[in-house]
Engineer: 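Take this structure first; my questions come after.
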Amino acid sequence: MGFTEDLDGLASLDESKDADETNLLGRDRLRSEHDVQVMPEDMSRSYPYQKDNDKMLLLAVTLVVIGPLMFGFTLGYTSPITGQLTDETRDFYLSDSQMSFFGALVNIGAMCGAVTGGWTAERFGRCRTSMLASLLFLFGYLLIATAYSYSQLLFGRMLTGVGVGLVSFVTPVYIAEISPPSLRGMLGAANQLGVTVGILFVYLLGIESVGLDWRHLALFGCFPSALLLLATFTVLPETPRWLLSKQQPERAESNLRKIRGTEDVHAEIAGIHSALAATANQPTATLKDLLAPQMRKQMVIGVGMMVLQQFSGINAVVFYSASILADAGIKNADVAALAVGVTQVVMTVVCCWLMDKAGRRWLLMVSTLGMSASAFTMGVYFNIKETIDPATGTVLSLGSLMAYIIFFSLGLGAIPWVLMSEIFPAPTRGLASSMATLVNWSCSFVVTQSFKGMMNTLTPAGAFTCYALELAGTFAFVLVLVPETKGRTLEQIQALFTHSHVHTQHCSHSPEA
């Protein structure tokens, strides 16, 4: 069956099942305390996981992470080609303002992808949303590679931006829904690892010694896109949770057997089904539902972490990395970019390894404290750089730069996306995650557009001091609000938030309140 026929078939299925679509919240009514506290027996424990039979799980995660790799490739694409595309001696070139808009357009496209991604993922499934993203990347880079007009370049860039928005939402959700609790953190962090590998990949291909021009670099972007497209057609299984929400229990059980590598999946299926059945007759989620009291804490955490990640100063650090490394004696811009890229990849691998050992909360606190100290040190460096000897300046600047990148990659880079995929209930996961992703890309656009003005107004020393204070606030945010989700099933995580809401509501109506 072709892609269009698949979508049409799913659309027909959804229309016939509208009465059964789930919504954890319902409209304008709360679940009773009794409903919340009754948990299926199977939700009280982790489900059997056969470590020796995880080949399908690892293959699925490896293939779906091609999407984030293209995310990173797209973000980094304009960095090595700016000089080529603005070279007036070439047969086709852009002005500086045109090049700037071409680079920034990916943020606008990603916002569009984030808005539509939630609906697409809930309507047609996680796999078909990844399929759509792969098609957008493929056609987008083909348009860029063959462009001889500014409008064609912009259209291609816009398509790849929408693809970025789709995968930045759907990949963490897909991984979370197929991963066992004991591996969900590590596999979820693979999403950010894919992004960093994609950035490093485009830097490697774009360095002067390799000799690829901007057209050939765009063509290289077509190959991973085509591989992801092929994988969604032939290998990637749809998530059992989505299939159960669409009343396809036989297919859900079959897919879960493949993913777990065992026939013993009845308890896990029963746990997911029970969680969905509790909300089976409630209306479909709306934006109003996301603001309801029982969703407030999840939304504050999910959206708040996205805002705090973008305003952490990572753009400023990457922007100044070349000049800091040049002051340290590394004057080759290609080497500087590769040094930053390799550091991010290595430390993201460490983050993957630690995620299910140390936990999300602990890693976030270490990450934000380390980043805050590094940003403060960076601010001190810019404030006194003219008055200290070069050797001391090199140690101070290079040490704070590398420490900042290490601590960012260790937690704040990956974990907000992992939390986003874990904390929202299944019936609203698409819409809520879509909104969190939209906020992330909106903040990214604001930071990118206001960055130079902020640096001119506050000076680098003042800007990095502000980032240090913001990161200290992020540490407090994590300490007070973010729960530990390590080792819990998605249903157990949702029960944690639901019980907390019921307890608060009960206390507010008690005689002592």
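These numbers come from a predicted model, not from an experiment.
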Engineer: Could you walk me through whether Leu193 and Val345 pass the side-chain contact (heavy atoms from CB on, under 4.5 Å) check?
Structural biologist: CA-CA 6 Å; Leu193 179 61; Val345 170; 4.2 Å; yes
Engineer: Tell me the closest heavy-atom pair linking Ala218 and Ile144, and the distance in Å.
Structural biologist: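 Looking at all heavy atoms of both residues, the shortest contact is CB-CG2, 3.9 Å.
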Engineer: What verdict does the side-chain contact (heavy atoms from CB on, under 4.5 Å) test give for Met186 and Ser179, after you've listed the backbone C-alpha separation in whole Å, the side-chain angles of each residue and the deciding distance to 0.1 Å?
Structural biologist: CA-CA 9 Å; Met186 181 187 74; Ser179 300; over 6 Å; no
Engineer: Filter on ring-ring contact (aromatic ring centres under 6.0 Å, His included), then keep only pairs touching residues 127-153, sequence neighbours left out; what's left?
Structural biologist: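 Sorted pair list: Phe73-Tyr141, Tyr77-Tyr141.
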Engineer: Minimum heavy-atom separation for Met158 to Cys112, with atom names?
Structural biologist: CE-SG, 3.7 Å
Engineer: So, taking the atom named SG in Cys352 and the one named CG in Asn191, what distance separates them when rounded to the nearest 0.5 Å?
Structural biologist: 9.5 Å
Engineer: For Thr448, what residues pass the side-chain hydrogen bond (donor to acceptor under 3.5 Å, both in side chains) criterion, not counting sequence neighbours?
Structural biologist: none
Engineer: Going by side-chain hydrogen bond (donor to acceptor under 3.5 Å, both in side chains), name the residues that satisfy it together with Asp213, two or more places apart in sequence or in a different chain.
Structural biologist: His216
Engineer: Can a donor-acceptor pair be found, under 3.5 Å and without considering hydrogens, that links the side chain of Ser400 to the backbone of Ser397?
Structural biologist: yes
Engineer: If only atom types and distance count, is the side chain of Ser421 paired as donor or acceptor with the main-chain N or O of Val418 below 3.5 Å?
Structural biologist: yes
Engineer: Looking at Phe92, I want to see if its CZ is surrounded by more than 12 non-hydrogen atoms of other residues, nucleotides or ligands under 6.0 Å.
Structural biologist: yes
Engineer: State which residues pass side-chain contact (heavy atoms from CB on, under 4.5 Å) with Leu228; sequence neighbours excluded, sorted by chain then number.
Structural biologist: Ile66, Ser134, Thr232
Engineer: Working to the nearest 0.5 angstrom, can you tell me the gap between Asp87 CG and Ile81 CD1?
Structural biologist: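 Between atom CG of Asp87 and atom CD1 of Ile81 there are 12.5 Å.
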Engineer: Could you tell me which residues satisfy side-chain contact (heavy atoms from CB on, under 4.5 Å) with Leu479, sequence neighbours excluded, listed by chain and number?
Structural biologist: Arg361, Met365, Phe475
Engineer: So Ile384 and Leu396, do their side chains get closer than 4.5 Å, heavy atoms only?
Structural biologist: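 With C-beta onward as the side chain, the pair touches.
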Engineer: Compare every heavy atom of Pro80 with every heavy atom of Val202, then report the nearest pair and how far apart it is.
Structural biologist: O-CG, 4.0 Å
Engineer: Could you check whether any side-chain N or O of Ser372 sits under 3.5 Å from a backbone N or O of Leu369, counting only pairs where one atom can act as donor and the other as acceptor?
Structural biologist: no
Engineer: When you check the gap from the basic side-chain N to the acidic O, do Asp389 and Lys385 get nearer than 4.0 Å?
Structural biologist: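 Salt bridge flag = no for Lys385 with Asp389.
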Engineer: Less than 3.5 Å apart, which donor and acceptor atoms pair up between the side chains of residues 164-171 and the rest of the protein, not counting sequence neighbours?
Structural biologist:
from, atom 1, to, atom 2, distance (Å)
Ser168, OG, Val164, O, 3.0
Ser168, OG, Gly165, O, 3.0
Ser168, OG, Trp441, NE1, 3.2
Thr171, OG1, Val167, O, 3.0

Engineer: Taking C-beta and beyond as the side chain, do Ile199 and Val195 meet within less than 4.5 Å on heavy atoms?
Structural biologist: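 Contact flag for Ile199/Val195 side chains = yes.
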Engineer: Hey, what do you get for CD (Glu88) to CG (Leu94), rounding to the nearest 0.5 Å?
Structural biologist: 11.0 Å
Engineer: Return the set of residues passing side-chain hydrogen bond (donor to acceptor under 3.5 Å, both in side chains) with Gln152 (not counting sequence neighbours), or none when no residue passes.
Structural biologist: Thr146
Engineer: With sequence neighbours excluded, what pairs up with Gln84 under the side-chain hydrogen bond (donor to acceptor under 3.5 Å, both in side chains) test?
Structural biologist: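 With neighbours one apart ignored, the set is empty.
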Engineer: With the side chain counted from C-beta on, respond yes when Leu354 and Leu410 share a heavy-atom pair under 4.5 Å apart, and no when they do not.
Structural biologist: yes
Engineer: Measuring only between side-chain heavy atoms, which start at C-beta, is Met131 closer than 4.5 Å to Leu229?
Structural biologist: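 Of all side-chain heavy-atom pairs linking Leu229 with Met131, at least one is under 4.5 Å.
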Engineer: Applying salt bridge (charged side-chain N to carboxylate O under 4.0 Å, His left out), can you list everything that pairs with Arg157, at least two apart in sequence or on another chain?
Structural biologist: none
Engineer: Please report the closest heavy-atom contact between Asn440 and Gln310, naming both atoms and the distance.
Structural biologist: OD1-NE2, 3.2 Å
Engineer: Which residues satisfy the side-chain contact (heavy atoms from CB on, under 4.5 Å) test with Phe477, sequence neighbours excluded?
Structural biologist: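 Partners of Phe477 under the side-chain contact (heavy atoms from CB on, under 4.5 Å) test: Val300, Met305, Leu308, Leu481, Val482.
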Engineer: At what distance, to the nearest 0.5 angstrom, does OG1 of Thr116 lie from CZ of Arg123?
Structural biologist: 14.5 Å
Engineer: Check Thr86 against Ser95 and note the closest heavy-atom contact, atom names and distance.
Structural biologist: CG2-O, 4.2 Å
Engineer: Do the side chains of Leu85 and Phe102 get nearer than 4.5 Å, heavy atoms only?
Structural biologist: yes
Engineer: Are the side chains of Leu490 and Arg241 in contact, using a 4.5 Å heavy-atom criterion?
Structural biologist: yes
Engineer: Decide side-chain contact (heavy atoms from CB on, under 4.5 Å) for Leu412 and Ile314; before the verdict, give the C-alpha distance in whole Å, the side-chain angles of both, and the deciding distance to 0.1 Å.
Structural biologist: CA-CA 10 Å; Leu412 197 57; Ile314 185 63; over 6 Å; no
Engineer: Between Cys443 and Phe311, is any pair of side-chain heavy atoms under 4.5 Å apart?
Structural biologist: yes
Engineer: Return the OG1 to CG distance between Thr485 and Leu419, rounded to the nearest 0.5 Å.
Structural biologist: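 It comes to 5.5 Å.
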Engineer: I would like to know whether Val65 and Val197 meet side-chain contact (heavy atoms from CB on, under 4.5 Å); could you show each step before the answer?
Structural biologist: CA-CA 10 Å; Val65 165; Val197 169; over 6 Å; no
Engineer: Taking the side chain as every heavy atom from C-beta outward, state whether Phe233 and Cys127 have any pair of such atoms under 4.5 Å apart.
Structural biologist: no
Engineer: Ser225 and Met70: which non-hydrogen atoms are nearest, and at how many Å?
Structural biologist: OG-CE, 3.5 Å
Engineer: Can you list everything that forms a salt bridge (charged side-chain N to carboxylate O under 4.0 Å, His left out) with Arg429? Sequence neighbours excluded, please.
Structural biologist: Glu177
Engineer: Has Ser312 got a side-chain atom pairing as donor or acceptor with Gln309's backbone, closer than 3.5 angstrom?
Structural biologist: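 Yes; judged by distance alone, with no hydrogens or angles, the pair exists.
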Engineer: Distance from Leu227 atom CG to Cys222 atom SG, nearest 0.5 Å?
Structural biologist: 13.0 Å
Engineer: Hey, can you pull the donor-acceptor pairs under 3.5 Å for the side chains in residues 461-471, sequence neighbours left out?
Structural biologist:
from, atom 1, to, atom 2, distance (Å)
Thr465, OG1, Ala461, O, 2.8

